[in-house]
Amino acid sequence: MTASAETIRISEIFGPTIQGEGMLIGQPTVFVRTGGCDYRCSWCDTLHAVDSAYRQDWTPMDAEAIWQEVRDLSGGRPLMVSLSGGNPAIQPLKSLIRRGKNDGYRFAIETQGSIARDWFADLDVLVLSPKPPSSGMETDWDVLADCLEAAGKAPRIALKFVIFDDADYAFAREASLRFPELPVYLQPGNHTPPPPEDDDARIDLDGIMDRMLWLVDKVTADYWFSATVLPQLHVLLWGNKRGV
């Protein structure tokens with residue numbers, strides 16, 4: 001298939017499994033992972049869907065072809081479809097979302113909030129995950145506000161932060177003050193992300209859990225009772241394994 005304006009670059013489609021993090025943790029989900037990203041986070045754990053060096057592994061698909069694969073995986077029974085990446089906001093996903101919602105499916109997306117799209121208003125869940133200082137990226141708060149405006153009042157919206165250190169924690173606190181109306185989810189970062197060619201790479205689970213305990217202590221000591229602290233459940237269950 002020749003890439004076009006309505007072609008979506010797909011890294012992988014998998015499930016049903018469970019959502020491993022954030023406000024939908026534990027919920028049965030099919031994942032549509034797109035290829036390409038406008039960020040290069042230092043600790044990225046999905047480089048196979050981010051780095052253009054792996055674009056030969058991405059498949060150009062139209063919305064109908066993607067949708068048939070999602071239906072096959074889910075047995076035609078509606079559930080949550082998570083649009084992820086990379087940064088899925090790069091892709092033209094409006095037709096896919098509308099096609100799926102016509103069949104009774106629900107759609108969630110997680111994005112860093114660097115690109116606003118009008119089809120955010122068609123989502124059921126929008127998770128904005130600004131990247132903290134440890135990522136090496138910078139957040140444009142005006143663009144993130146544009147994302148909220150594009151979404152309007154239709155989807156449930158939340159902020160989610162990956163936390164590695166004190167600077168990341170302070171970043172999350174600042175963001176929550178900028179957008180006090182949004183629920184906040186915090187998770188410890190995986191400091192042993194897999195290389196793209198090895199989805200079964202060693203993971204320092206003890207180190208991740210140590211950071212989880214540190215994060216719980218930080219939140220409770222600061223009386224930040226509106227924040228929700230969660231692990232990456234898929235990391236606890238499967239480590240760095242892909243497609244789960």
Side-chain angles (χ1 to χ4, degrees), residues 5-6 8-9 11 21-24 32-47 49-52 82-98 107-189 215 218-219 222 224-230:
E6 291 303 314
I8 302 166
R9 295 192 305 270
S11 172
E21 57 192 51
M23 67 190 299
L24 299 177
V32 176
R33 186 181 300 284
T34 62
C37 190
D38 51 327
Y39 276 22
R40 290 296 183 275
C41 296
S42 62
W43 34 252
C44 179
D45 60 358
T46 55
L47 274 175
V50 168
D51 195 326
S52 59
S82 178
L83 305 171
S84 62
N87 183 2
I90 291 175
Q91 306 293 330
L93 296 173
K94 181 191 289 282
S95 295
L96 175 63
I97 295 167
R98 291 186 173 177
F107 284 81
I109 194 172
E110 180 174 323
T111 174
Q112 57 262 44
S114 58
I115 301 171
R117 298 297 190 196
D118 60 359
W119 46 261
F120 285 178
D122 298 327
L123 296 163
D124 296 282
V125 175
L126 170 62
V127 178
L128 296 171
S129 183
K131 303 311 177 189
S134 64
S135 71
M137 299 292 103
E138 293 188 9
T139 296
D140 186 327
W141 297 110
D142 291 335
V143 177
L144 194 138
D146 290 342
C147 292
L148 293 173
E149 183 175 355
K153 298 185 180 300
R156 296 164 56 198
I157 305 175
L159 293 172
K160 195 199 82 175
F161 300 95
V162 177
I163 307 295
F164 282 88
D165 53 32
D166 285 319
D168 289 355
Y169 180 81
F171 174 87
R173 289 297 303 266
E174 176 193 349
S176 71
L177 293 175
R178 287 177 180 270
F179 305 100
E181 72 280 9
L182 298 180
V184 174
Y185 293 83
L186 309 175
Q187 68 185 46
L215 189 53
K218 291 280 288 185
V219 166
D222 287 345
W224 191 8
F225 298 148
S226 60
T228 299
V229 182
L230 293 171

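What you see is a predicted model; the values in this text were computed from it and never measured. Numbers here simply count residues along the sequence, with the first being 1. Just so it is clear, the values below take in all heavy atoms, side chains as well, and ignore hydrogens, waters and symmetry mates.
When each of I109, L83, D124 is checked for a side chain to side chain contact (heavy atoms under 4.5 Å, CB included) with I97, only L83 meets the rule.
The shortest side-chain heavy-atom distance between S134 and D165 falls under the 4.5 Å cut-off. No side-chain heavy atom of K218 sits under 4.5 Å from any side-chain heavy atom of I163. Side-chain contact check for I157 versus F179: every heavy-atom pair is 4.5 Å or farther apart. Contact check for L128 versus L126: side-chain heavy atoms found under the 4.5 Å cut-off. Looking only at side-chain heavy atoms (C-beta outward), I90 and T34 stay at 4.5 Å or farther from each other.
In this view, S129 and E110, K131, K160 satisfy the side chain to side chain contact (heavy atoms under 4.5 Å, CB included) rule, not counting sequence neighbours. Partners of R33 under the salt bridge (charged side-chain N to carboxylate O under 4.0 Å, His left out) rule, at least two apart in sequence or in another chain, are E12.
In E174, the CD atom is crowded: over 12 heavy atoms of neighbouring residues, nucleotides or ligands sit closer than 6.0 Å.
Distance CG/D122 to NZ/K94: 5.5 Å, rounded to 0.5 Å.
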Side-chain donor-acceptor pairs of residues 140-152 under 3.5 Å, sequence neighbours excluded:
residue, atom, partner, partner atom, Å
D140, OD1, D142, N, 3.0
D140, OD1, V143, N, 3.2

Before giving the answer on side-chain contact (heavy atoms from CB on, under 4.5 Å), spell out for V184 and F161 the whole-Å C-alpha distance, their side-chain angles and the decisive distance to 0.1 Å. CA-CA 8 Å; V184 174; F161 300 95; 3.9 Å; yes
ring-ring contact (aromatic ring centres under 6.0 Å, His included) evaluation trace for F107 with W119: CA-CA 11 Å; F107 284 81; W119 46 261; 9.9 Å; no
